[in-house]
Protein chains: 2
Amino acid sequence: MDAYNYIKEAIIHGKFEPGMRLAEETLAKELNLSRTPIREAIKQLEAEGLVVPLKRGVGVRNFTKEDIKEIYDLRSLLESYAAGQAAINRTEEDLIELQTANELYDKVIHDNSLRDLTSIQAIVHTNSRFHEAIVSSAKNKHLYFHISKVVVVPMVFRSFYWYTDFQLQQSLEVHKIIFEAIKNKEPERARIAMHEHIFQGRDNVLKHLDDIKISHLFKEEAK
Amino acid sequence: MDAYNYIKEAIIHGKFEPGMRLAEETLAKELNLSRTPIREAIKQLEAEGLVVPLKRGVGVRNFTKEDIKEIYDLRSLLESYAAGQAAINRTEEDLIELQTANELYDKVIHDNSLRDLTSIQAIVHTNSRFHEAIVSSAKNKHLYFHISKVVVVPMVFRSFYWYTDFQLQQSLEVHKIIFEAIKNKEPERARIAMHEHIFQGRDNVLKHLDDIKISHLFKEEAK
DNA sequence: ATTTATTTCTTTGTATACAATAAGTCAATA
DNA sequence: TATTGACTTATTGTATACAAAGAAATAAAT
């Protein structure tokens, strides 16, 4: 794997915790590279806002509760718009991928009755696939580009989130409503459903921000 | 100036034309630096989508008509939301900056009756200040971050756009409506006015995409 | 004369080297 | 014991070096 994706994944999966300094030499050894390509990967992550400059070098960005709120507001704006546009612009191929992704999501949720880390990751992954299919159906590459950057931050938290059966069932239901709306070309219904859906996710994350499982990811206002 | 801003400005002002290869050695000499910091600046611009990778190295991104349409759709979504949020969250200080920016915009338009390049740049600059003040008043740092990236692309084109007196007058009127809506805390009015305003700008740019003045910036589907 | 093959040359990608600066350590003084 | 100050160490930021991969140019062949 290249340096960029290695570091990004490590941040998302919590291997590199918020606030942690990213030492170039260490990363270079871990990846059997020199410092040069490491520095370039870091510059990209900096441009995306996942890492922040320190006095010298960079550290993993520390997202506050306020950040999470703002990001979910932004994400709901972008993705609900995407859902609306998908209902207008989706092709038949899009519909097939949407259907497939949703069936997979359904299957993964019901096949993994015990909620261990691997299950959670599978659920998060198939959920992402459905959302990505929607954004892709909207037929706006720039929208896609920006959503993919916005979505990363919630990922950092969701990877450690313990969903309840009820939440997953509810999420699945809404997915089906969104799918139907896109299939039947009802942009307004798709948009509203997606908006509700993401705000539901936002509420879940915010309610559990103090949970033991993710508390290590969340350090309020470290200076 | 640092390498990042130097290259960015050069792209916006058309010194580096779309499709043009960015040779590291050349840039390094221009800025009296070694290749290392140049490469890092380029990586950042790549993450923002202003330059694209070639088989080897990078080139200035070539935006198509389709890109412009998509970007204006995205921008109108984001900025109209920002205007709405500004009408809710603006402080008294925000209001002062908003007022100042708008008065300056008015002044610059009327003081520069002959529309030479310097005047256009002054107009674009004061217009940006007003828009930035709105986004800032929305009190969402992540929204601000993404808008600032989205806005850059239209900048590439607007720097070379010859506005008519009518268009400027109209633009000024809408600015005043938006300002009033934000002042009076009318989010819906602010949102709609901003949406119209940006779609007006979009139409202006699209209508004139084939003009001689900007044709060198616009090369359809170069592969 | 045009196309293909081979060689040369330029430019990138990665590694290493060196200098500058922040951070860490230890000792001395209050 | 706490705090300040000088010294040492570690890590960054920039420059340079070298090897590999395209691009350009020249030569050969049909």
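Because the structure is predicted, anything quoted here is derived from the model rather than measured. Just the heavy atoms: all of them, side chains too, but no hydrogens, waters or symmetry mates, feed the values below.
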Using a cut-off of 4.0 Å between protein heavy atoms and nucleotide atoms, how would you tag nucleotides 10-18 of chain C 5' to 3' with B, S and -? -BBBBBBB-
Start with the C-alpha gap between B:R191 and B:H195, add the side-chain angles, then the distance that decides, and say whether side-chain contact (heavy atoms from CB on, under 4.5 Å) holds. CA-CA 6 Å; B:R191 221 202 75 235; B:H195 190 271; 5.9 Å; no
Check this for me: does any side-chain nitrogen of one of A:K207 and A:D203 sit under 4.0 Å from a carboxylate oxygen of the other?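 A:D203 and A:K207: not salt-bridged.
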Give me the one residue out of B:I198, B:I71, B:V124 that meets side-chain contact (heavy atoms from CB on, under 4.5 Å) with B:P154.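 That would be B:I71; it is the only one of B:I198, B:I71, B:V124 passing the side-chain contact (heavy atoms from CB on, under 4.5 Å) with B:P154.
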In a table with atom names and distances, give each donor-acceptor pair under 3.5 Å that connects a side chain of residues 80-89 of chain A to protein atoms at least two apart or in another chain.
from	atom 1	to	atom 2	distance (Å)
A:S80	OG	A:S76	O	2.6
A:S80	OG	A:L77	O	3.3
A:N89	ND2	A:Q85	O	3.4
A:N89	ND2	A:A138	O	3.2

Listed partners of B:H146 passing ring-ring contact (aromatic ring centres under 6.0 Å, His included), at least two apart: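 By the ring-ring contact (aromatic ring centres under 6.0 Å, His included) rule, B:H146 matches A:H146.
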Going by the salt bridge (charged side-chain N to carboxylate O under 4.0 Å, His left out) test, which pairs reach into residues 141-154 of chain A, not counting sequence neighbours?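 Sorted result for residues 141-154 of chain A: A:E48-A:K149, A:K141-B:E70.
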Which salt bridge (charged side-chain N to carboxylate O under 4.0 Å, His left out) pairs, counting each pair once, include a residue from residues 74-88 of chain B, with sequence neighbours left out?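 Passing the test, one end in residues 74-88 of chain B: B:R75-B:E79.
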Tell me which residues in residues 41-50 of chain B put a heavy atom below 4.0 Å from DNA chain D, sorted by number, or none.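 Listed by number, there are none.
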